[in-house]
Number of protein chains: 2
Amino acid sequence: MTIRDVAKHAGVSVATVSRTLAGDYPVQPSTRHKVLRAVRELDYVPNAQARALSVASPGAVAIVVGSVDMPYYAYIAQGVEEQAAAERRLCLICTTGGDKERELTIVQMMREQRAEAVILVGSVVVDDDYRERMTRYAHGLDSSGSRLVLCGRPPLGEGVPALTVGFDNTGGAHAVTAHLLSAGHRRILYLGLRPGHSTSDSRVAGYRSALDDHGIPRDPALEVPCGFDRSSGYAAMKQRLAAGHDDFTAVFAATDVIAAGAVQAIHEHGLSVPDDVSVVGYDDVPPAEDIGLTTVHLPHAELGRAAVRLALSGKDPLVEPPLTLGTHIVVRQSVRRLRSAP
Amino acid sequence: MTIRDVAKHAGVSVATVSRTLAGDYPVQPSTRHKVLRAVRELDYVPNAQARALSVASPGAVAIVVGSVDMPYYAYIAQGVEEQAAAERRLCLICTTGGDKERELTIVQMMREQRAEAVILVGSVVVDDDYRERMTRYAHGLDSSGSRLVLCGRPPLGEGVPALTVGFDNTGGAHAVTAHLLSAGHRRILYLGLRPGHSTSDSRVAGYRSALDDHGIPRDPALEVPCGFDRSSGYAAMKQRLAAGHDDFTAVFAATDVIAAGAVQAIHEHGLSVPDDVSVVGYDDVPPAEDIGLTTVHLPHAELGRAAVRLALSGKDPLVEPPLTLGTHIVVRQSVRRLRSAP
DNA sequence: GGCGGGATGGTAACCGGTTACCCGACAGGT
DNA sequence: ACCTGTCGGGTAACCGGTTACCATCCCGCC
């Protein structure tokens with residue numbers, strides 16, 4: 001079923017059918033009706049891929065995330081979707097499951113599909129091969145016309161430019177740590193150490209700098225290694241509590257999800273939040289509100305929108321500085337003010 | 001930058017370039033290297049849209065949801081994504097924001113893109129225009145080759161066939177209501193009445209039939225109208241409690257999200273869950289685990305996978321019966337066994 | 001030496017749209 | 001009656017790939 005079939009069926013030429021459907025060319029009403037009737041009778045659906053071949057049509061916006069069922073990604077994806085719709089672009093979402101190779105494959109596929117924007121979200125540990133290939137993509141040296149945006153992820157390398165948007169992780173971690181300090185807490189557990197993991201690294205940096213600013217000596221024993229999921233937070237907290245809980249009064253979990261696991265462990269240990277232990281998280285994703293967690297709110301959707309705008313802006317990836325979005329603390333009920341506080 | 005440029009640059013013909021890249025045709029190693037070098041030097045990225053025109057390539061799988069940041073949709077989308085990847089299809093996710101017109105537009109766009117499968121997820125209130133247009137799509141009368149699957153949503157009309165997968169909402173609601181009844185509860189609030197809303201309707205039907213089965217008379221005053229979001233659940237519960245809470249001992253919220261709001265209202269009223277009021281939800285989405293909610297677990301991801309399999313199966317939409325996935329109760333800590341229970 | 005045949009690679013048609021260019025018909029002006 | 005301008009619509013080239021078909025070339029064999 002092609003435009004030629006429709007033309008034959010309507011007794012007109014292909015040009016007339018095309019013009020009738022495009023609607024931007026004067027066509028005799030009687031002719032128009034013949035065409036439209038043929039379209040209806042044959043149930044003709046034009047082929048967008050063929051059209052894209054001859055006329056420059058707006059490309060799609062692709063977003064590549066680890067998985068769509070993690071709220072952090074879902075919120076960003078929602079922002080991307082909104083902005084893509086506002087700019088009249090189709091939105092494709094792909095997931096990698098955290099696999100680097102799969103991510104590279106997907107980016108290549110998107111370029112072959114002539115996606116206009118490819119937005120890469122989330123942390124990843126980069127190796128040399130990955131860096132080299134992704135850098136080519138990011139610099140837009142090829143002819144695919146796809147523009148790559150790194151969204152909430154580390155740079156490709158020391159001084160390697162690329163279109164980048166991200167949250168101020170260090171600033172947020174600094175602020176929430178300062179919040180605990182000003183409530184009188186001095187021994188604060190950092191739950192979520194993962195050296196080499198960019199998100200963890202930047203958050204722990206904020207934690208440390210806040211301690212430094214307040215003249216509190218750092219204690220490596222308070223920086224607890226922990227995966228970025230609920231059960232890791234639960235297990236790490238459980239283990240720490242088994243060793244006695246008198247060496248800290250507050251916990252800064254690297255994410256709300258970790259915090260949720262930690263809170264559960266604290267409760268199972270017979271302790272109360274915030275009476276016995278204060279807890280703060282990061283991200284402001286669903287568990288936070290439900291468990292009354294004080295946390296750092298991230299403008300997820302705005303990040304997604306900013307990524308799309310940046311991708312479609314035509315800015316030069318080689319000179320455009322990274323865009324950093326601010327965060328703010330959301331105070332709920334998980335932090336207790338110590339009597340000894342100033 | 002086209003295949004002809006590459007051919008010229010490499011000093012070979014377009015056929016040789018195409019064959020070299022396809023890799024399924026014998027090419028002299030020296031020729032192959034010339035081609036690959038040209039590809040690298042020119043940063044050539046083949047155009048998938050052009051290729052799709054001449055060779056029948058697998059289409060994409062499109063999923064259309066209300067919004068991607070609601071866990072219910074996100075989990076289903078994740079299943080769709082997985083199965084699409086397993087079947088080597090690209091996955092496109094689009095959101096409608098619940099707008100019927102936008103949904104129809106998106107479906108039309110997907111057909112023009114020659115998406116192989118279009119999966120429509122979530123509740124919607126159908127009117128005649130919608131029904132008529134969507135029915136044409138669902139029956140696959142056109143030449144786009146797209147196959148439509150309705151996923152967790154009502155049929156298009158009385159006896160209108162279509163490829164359909166869904167959860168057993170009535171069965172799950174029956175089971176969880178029976179769970180409350182066997183714990184000794186007799187006056188159970190149903191929170192989430194929305195006549196005409198298919199999900200609500202089927203869940204309330206299960207609630208009622210469980211009461212009937214146990215010989216408990218229904219009380220319309222116990223069926224509380226309520227929107228399907230957290231704040232509606234909070235508000236409805238708040239209002240109900242203000243009128244006194246002695247006319248019920250348990251609450252069946254139509255969704256976990258409603259339940260989360262209700263639990264908050266209960267707490268703010270100075271009551272405890274489950275000591276004063278038992279609460280159950282539906283869906284088993286994030287708030288449930290965090291607040292220890294007994295609920296009905298839905299195999300979301302499996303539904304998504306089943307939808308993709310059904311779409312790609314080649315089954316006839318006109319005769320294939322709807323596929324219904326079973327559910328099961330997840331018991332947590334939000335239900336109290338009454339002393340008067342058998 | 002002539003010839004059959006496998007291995008390579010080139011030419012051109014085709015996929016399904018769009019549109020530049022051209023042609024015929026008809027109206028109005030002289 | 002003839003010229004010109006406008007309008008409507010047809011023909012064919014083109015977008016960027018793939019591939020059927022054909023032309024070489026070189027080998028071994030009679």
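Because only heavy atoms are used, hydrogens play no part in the values below, and waters and symmetry mates are left out as well, while side chains stay in. Throughout, protein chains are lettered first and strands after them, A, B, ... in sequence-line order, and every chain is numbered starting at 1.
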Checking side-chain polar atoms at under 3.5 Å, does Y130(A) have a donor or acceptor matched by the opposite partner on E101(A)?
no
Provide, to the nearest angstrom, the distance between the NZ atom belonging to K34(A) and the P atom belonging to dG8(D).
14 Å
With a 4.0 Å cut-off (strictly under) to non-hydrogen atoms of chain B, the first and last hit nts on DNA chain C, 5' to 3', are dT8(C) to dG16(C)
Do the ring planes of H300(A) and Y72(A) sit parallel (below 30°), tilted (30 to 60°) or perpendicular (above 60°)?
perpendicular
Please figure out whether A22(B) or S13(A) has its closest DNA chain D nucleotide nearer the 5' end.
S13(A)
Between Q49(B) and A15(B), name the one whose nearest nucleotide on DNA chain D is closer to the 5' end.
Q49(B)
I'd like to know if R309(B) pairs up with E87(B) as an ion pair, taking the criterion as any Lys NZ or Arg NE/NH1/NH2 lying under 4.0 Å from an Asp or Glu carboxylate oxygen.
no
5'-most by nearest nucleotide on DNA chain C - V27(B) or L53(A):
V27(B)
Given DNA chain C, 5'-ward residue of the pair R19(B) and S54(B), judged by closest heavy atom:
R19(B)
Which of P299(A), P71(A), C151(A) passes side chain to side chain contact (heavy atoms under 4.5 Å, CB included) with I76(A)? It is C151(A)
Regarding T2(A), tell me which of base, sugar-phosphate or nothing describes its non-hydrogen contacts under 4.0 Å with the strands shown.
sugar-phosphate
When we call it a touch if two heavy atoms are under 4.0 Å apart, what does V14(B) touch: a base, just sugar-phosphate, or nothing?
base
Counting only heavy atoms not in K100(A), do more than 12 sit closer than 6.0 Å to its NZ atom?
yes
Walk me through whether T16(B) and V14(B) qualify under side chain to side chain contact (heavy atoms under 4.5 Å, CB included).
CA-CA 5 Å; T16(B) 304; V14(B) 293; over 6 Å; no
